[in-house]
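Here the structure comes first, spelled out in structure tokens, and everything after it is commentary.
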Number of protein chains: 2
Amino acid sequence: MAVTMNDVARAAGVSLKTVSNVINDYEFIRPATKQRVLDAIEELGYETNLTARSLRSGKTSMLGLVLADLSVPYYAELASDIMKAAWARGYRVLVEQSGNEADHEKSALQGQFRSLTDGLLFIPLSLDAGQIIQAAGKKPLVLLGEFVQDPRLDMVLIQNLEAAAAVTAHLLAGGRRRIAVLGARDGDTTGSNGLRLSGYKAALAAAAVEYDPTLVIDCEWRRDGGADAIARLLDSGVGFDAVFGLNDVVALGALHELLVRGKRVPDEIAVAGFDDIDEARFASPSLTTVEPGRAEIAERAVELLINRIEGKGSADKVEQPEAEFSLRVRQSAP
Amino acid sequence: MAVTMNDVARAAGVSLKTVSNVINDYEFIRPATKQRVLDAIEELGYETNLTARSLRSGKTSMLGLVLADLSVPYYAELASDIMKAAWARGYRVLVEQSGNEADHEKSALQGQFRSLTDGLLFIPLSLDAGQIIQAAGKKPLVLLGEFVQDPRLDMVLIQNLEAAAAVTAHLLAGGRRRIAVLGARDGDTTGSNGLRLSGYKAALAAAAVEYDPTLVIDCEWRRDGGADAIARLLDSGVGFDAVFGLNDVVALGALHELLVRGKRVPDEIAVAGFDDIDEARFASPSLTTVEPGRAEIAERAVELLINRIEGKGSADKVEQPEAEFSLRVRQSAP
DNA sequence: CTGAAAGCGCTTACAG
DNA sequence: CTGAAAGCGCTTACAG
């Protein structure tokens, strides 16, 4: 049906191997032969069957990317960057949405799906390190985000603690003393929530401001989570003069609710977030936040994974590069 | 290396074909035989090699999805819905970002990429119908969005004109008479921009309000496009009491700029958009917009494409189902 | 520099 | 209900 290498070989009057050599840029081919093959390819409209190539070579040139949901802006923007980085290196990306459910994460790690990819980029939310190590096969795996942190696994790190401390220090420098934190529980110490909360505490301590657990409100990392959390805080009567949403959508949800309730931002209450999604720049007021180094994260993760796949770099040393963050000061907390 | 069907067959003491039958749920297998095979699969940790299956069967069970950029919220949300719809039918989705460039769109249509998918969902932005028909191969293709409209191509339609008319009528019903339109040029009649502009004009005509081309401002469909456009309009001194951004991010960018300039929304100026992205609900003030039927679009497009792939439905009749829209009235234009 | 053969791991007719 | 054989379209040793 489709045009095959055999058809090309026949049309060009050469063997199959020669066609393969031309396609794979093998060096030592007589220019005239090469041209004849290229002409035949052009004329017949031949296209490599990637499935056949994969079966024979054992390489698919596809990377898997497992994340909760593409409709979350931070993941969508990260996925976009990852796809561009992979593309630039000749790889494609097959995205799998876990919906933040442990079952889906597990099946993404070990399901048939993996036979379609050479390696996996994984943003775990439900599984812990032990489960990941157990469920993962032999194919290369690089983690993103830091709900999981473990010396046995390759991963690209965000400077959660340092960046959260920088945001908090900025709010303190602006004269705020009662800074509410949305998206963590008082005792959290691990995961993005725990690390960011720890950064917040560290900045308070450095400024000799007392830590008040009643200002720490747990919520889902979604817009409505942030809106609900700030509503609860307002209703509780606890006083505060700033809000640190542990990610941007939480901060934006809170910002919305504050404005709905007639609070002036930043005059009465300053608001800051974490992620620097595109929307942060264009909120009203625009959102002060921290850019975690998204492009660098994408680049490093793809590079590391492909090095693993292609056997470059030191195979037995776990790699955990860290991306540089930067503070973005905008209207919501000048 | 990997466990193959042959290994399973040997372990279970049956032939290759029997293993294949079990895996593919062939009906007439003796329960005891089936159990032996299943046990062997379990014990050996066998997993189907999807690449081999694809090569032999000629089916990849993957759909291609070509869109401009996942970092655009509407596309990310649509992609998320499409992936869920495809998943529910046993298909995966391979996303390709065209960056809104004609070259990329073309190569997505005809490149090697297509050998990995059974069919393509395509949101064209640069290519026209003729180019698409020429570049597309024989594999099924379903278009989304309506920058292209053509009776020869399967596509899922948005009621652009009707929905835009509904938004405009709503603004008019609120007493607005000078409604600026952001994201189209005066003469546009085709594409999402042209169709939405036509809906706007139709609603004005129905209310006997004169159409003023100085209120129609062209811009990129991005946040900064909307912000720039409204800035130009304000600077021009042309009076207006409402803004209709032809998509939500344009409207949100404009909303931002209006608030920065000290305009009161909706008291002085009402704002409405188009798309109902998640963010619209949580903007401050929340954004009045139109929900184009995104979930239905995803569902219909996937269903139609898979029907084409599997040869269901009438093969020679072009299908162009239309999704239902609904107006979402919120604070920015009550 | 080029050719003929083997084989990646499945599914698909074809027999029985 | 099950088996033995062929073959999807490539790449990879192995010869020459």
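Letters go in sequence order (proteins before strands), and every chain restarts at 1.
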task = Grab the CZ-P distance between R10(B) and dT2(D) for me, whole Å please.
result = 19 Å
ask   = What integer number of Å spans the P atoms of dA13(D) and dC1(C)?
value = 22 Å
request  = Please name all residues satisfying salt bridge (charged side-chain N to carboxylate O under 4.0 Å, His left out) with K106(B), sequence neighbours left out, ordered by chain then number.
outcome  = none
query = Tell me: CG of L50(B) to C1' of dG9(C), nearest whole Å?
reply = 11 Å
Protein-nucleotides 3-5 of chain D N/O pairs closer than 3.5 Å?
residue : atom : partner : partner atom : Å
dG3(D)  : OP2  : S15(B)  : N            : 2.7
dG3(D)  : OP2  : S15(B)  : OG           : 2.9
dG3(D)  : OP2  : T18(B)  : OG1          : 2.8

task = Report the distance from atom CZ of R53(B) to atom P of dG9(D), rounded to the nearest whole Å.
result = 18 Å
query = For L16(B), which residues count as a side chain to side chain contact (heavy atoms under 4.5 Å, CB included) partner, sequence neighbours excluded?
reply = M5(B), N6(B)
message = Tell me every residue that passes side chain to side chain donor-acceptor pair (under 3.5 Å) with T190(A), counting only those two or more places apart in sequence or in another chain.
response = none
key: Pairing pattern in dot-bracket form [Watson-Crick, G-U; both distances under 3.5 Å; | = partner strand] for DNA chain D   = |||.||||||||.|||
inquiry  = Taking side chain to side chain donor-acceptor pair (under 3.5 Å) as the definition, give me every residue that meets it alongside D118(B), ordered by chain and number, with sequence neighbours left out.
reply    = T60(B)
Comparing T4(A) and K34(B) on DNA chain D - which has the more 5′ nearest nucleotide = K34(B)
ask   = Mind checking what makes side chain to side chain contact (heavy atoms under 4.5 Å, CB included) contact with Q149(A), not counting sequence neighbours?
value = E146(A), M155(A), L157(A), L195(A)
inquiry  = Among residues 36-47 of chain A, which ones have heavy-atom contacts with DNA chain D below 4.0 Å?
reply    = Y46(A), E47(A)
inquiry  = Contact list please: residues 55-63 of chain A against DNA chain C, heavy atoms, distance less than 4.0 Å, in numerical order.
reply    = L55(A), R56(A)
message = Taking any heavy-atom pair under 4.0 Å as a contact, classify T33(B): base, sugar-phosphate, or nothing.
response = sugar-phosphate
query = To the nearest Å, how far apart are N49(A) CG and dG9(D) C1'?
reply = 6 Å
query = Say you draw a straight line from CD1 of I132(B) to CG of L120(B); how long is it, rounded to the nearest 0.5 Å?
reply = 10.0 Å
query = Can any side-chain N or O of E319(B) pair as donor or acceptor with the backbone N or O of L304(B) at less than 3.5 Å?
reply = no
Indicate every side-chain donor-acceptor pair of residues 41-48 of chain A with a distance under 3.5 Å to a residue at least two apart or in another chain.
residue : atom : partner : partner atom : Å
T48(A)  : OG1  : Q112(B) : NE2          : 3.2

query = To the nearest Å, how far apart are I23(B) CD1 and dG9(C) C1'?
reply = 11 Å
key: Side-chain ion pair, D7(B) and R10(B), N-O less than 4.0 Å   = yes
key: Donor-acceptor under 3.5 Å (K139(B) side chain, R114(B) main chain)   = yes
request  = To the nearest Å, give me how far apart CD (Q35(B)) and P (dT2(D)) are.
outcome  = 14 Å
query = Does any pair with a residue in residues 66-79 of chain A pass side-chain hydrogen bond (donor to acceptor under 3.5 Å, both in side chains), and if so which ones, sequence neighbours excluded?
reply = D69(A)-S71(A), D69(A)-S80(B), D69(A)-K84(B), E77(A)-R294(A)
request  = Would you list the pairs meeting side-chain hydrogen bond (donor to acceptor under 3.5 Å, both in side chains) in which at least one residue belongs to residues 295-313 of chain B, sequence neighbours left out?
outcome  = R89(B)-E299(B), Y91(B)-E310(B), D154(B)-R308(B), E296(B)-R300(B), E310(B)-K312(B)
ask   = Could you give the distance from CH2 (W221(B)) to OG (S192(B)), rounded to the nearest 0.5 Å?
value = 5.0 Å
message = In this structure, how many angstroms lie between the P atom of dC10(D) and the CG atom of N21(A), rounded?
response = 14 Å
key: Separation between CG of L109(B) and CG of L141(B), rounded to the nearest 0.5 Å   = 6.5 Å
